[in-house]
Amino acid sequence: MNSSSKVQQITRMAILVAIIFLLSFTPLGYLVIGPIAATTIQMPVIIGAVLMGPAAGGVLGFFFGLSAIIKVLTMPGADPFATLALAHSPFAYLAVCLGARIAMGLLTGLLAEGLKKLPFLQDRGAVVRYGAAGFVGSILNTVFYLGMLWGLCAEVISSYYGVDLGGVGALVMGTAYAAGIPEAIVSCVVVAAVCKAAEKLPFMFRRLA
């Protein structure tokens, strides 16, 4: 890889990382749809994974998780539950934040590569491929994050929400359904639109080796 390609890769990643942090630390990270606040922070990760491959998705997922950790450390009042989870078990909370987001980015990139090999999802069908990756990637984000919270921080969830440990699973699954589906629909539309528009700027988005 020549120096020009390296500079382009760094520039592309830096743009998406900047967007992740912008969304994380501003109200732009949550799109209010009636009573539901759909998280949008996963979208730059998914877009990078779709356009630049699984490696880029994993790196962007790491920065997604890092932004959450920095936010809870510098703005503890912004997310009382995250502050409590971090205080209860720092290792578990770090594993949830980083592990869930890195896995989401990697798997979304692999999914996008798999879908790209299907003939009917080429050319005009590409927008369907982008939308599917956006939808599934967002679902993966919800499932991995809430699933790891359930597995590693069940006691914190029980204490914070005042439910028995036996009821934590139902609470987590209910939250995943109520918030995860709207987020996935929004992600489907946004990722499809952005990736389709990016086809006109191929020099901006190339696979990260």
Side-chain angles (χ1 to χ4, degrees), residues 9-32 37-50 52-110 134 136-161 168 171-172 175-176 178-180 182-184 186-187 190-191 208:
Q9 285 190 352
I10 293 171
T11 301
R12 294 192 295 267
M13 295 296 289
I15 291 171
L16 290 172
V17 169
I19 293 173
I20 288 170
F21 276 86
L22 174 66
L23 294 176
S24 296
F25 288 90
T26 68
L28 296 174
Y30 299 91
L31 179 62
V32 179
T39 303
T40 62
I41 308 170
Q42 77 279 7
M43 294 180 196
V45 179
I46 296 171
I47 290 169
V50 171
M52 293 186 286
V59 172
L60 291 168
F62 168 81
F63 281 104
F64 179 9
L66 182 63
S67 71
I69 295 168
I70 293 174
K71 185 173 183 178
V72 74
L73 290 174
T74 59
M75 304 168 60
D79 190 340
F81 174 77
T83 302
L84 180 62
L86 181 63
H88 175 77
S89 178
F91 176 78
Y93 184 72
L94 293 178
V96 170
C97 282
L98 295 176
R101 275 57 187 269
I102 292 172
M104 179 269 291
L106 284 170
L107 290 179
T108 300
L110 291 172
V136 174
S138 185
I139 291 292
L140 289 175
N141 180 61
T142 299
V143 170
F144 287 159
Y145 180 72
L146 292 179
M148 290 187 72
L149 272 182
W150 183 6
L152 298 177
C153 303
E155 292 181 2
V156 180
I157 297 173
S158 173
S159 173
Y160 185 80
Y161 290 101
V168 169
L171 176 63
V172 169
T175 302
E183 287 178 6
V186 173
S187 181
V190 172
V191 171
L208 182 61

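What you see is a predicted model; the values in this text were computed from it and never measured.
Ser138 is linked by a side-chain hydrogen bond (donor to acceptor under 3.5 Å, both in side chains) to Gln42, counting only residues two or more places apart in sequence or in another chain.
With values rounded to the nearest 0.5 angstrom, Met148 atom CE is found 10.0 Å from Arg101 atom CZ. To the nearest 0.5 angstrom, Thr26 atom OG1 is 12.5 Å from Phe21 atom CZ. The line from CD1 of Ile47 to CD1 of Ile15 is 12.0 Å long, rounded to the nearest 0.5 Å. Between the CG atom of Leu66 and the CZ atom of Phe63 there is a distance of 6.5 Å, given to the nearest 0.5 Å.
Although no hydrogens or angles enter the test, the distance criterion places a donor-acceptor pair under 3.5 Å between the side chain of Ser24 and the main chain of Ile20.
Using a 4.5 Å cut-off on side-chain heavy atoms (C-beta onward), Val190 and Ile46 make no contact. Using a 4.5 Å cut-off on side-chain heavy atoms (C-beta onward), Val136 and Thr108 make no contact.
Smallest separation of non-hydrogen atoms from Gly48 and Leu16: CA-CD1, 3.7 Å. Shown here for Gly105 and Ala49, the closest heavy-atom pair between the two residues is O-CB, 3.6 Å. Residues Thr142 and Gly180 come closest through the heavy atom pair OG1-CA, 3.8 Å. Considering all non-hydrogen atoms of both residues, Gly57 and Val45 come closest at O-CG1, 3.6 Å.
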Tell me, with the steps shown, if Ser89 and Tyr93 meet side-chain contact (heavy atoms from CB on, under 4.5 Å). CA-CA 6 Å; Ser89 178; Tyr93 184 72; over 6 Å; no
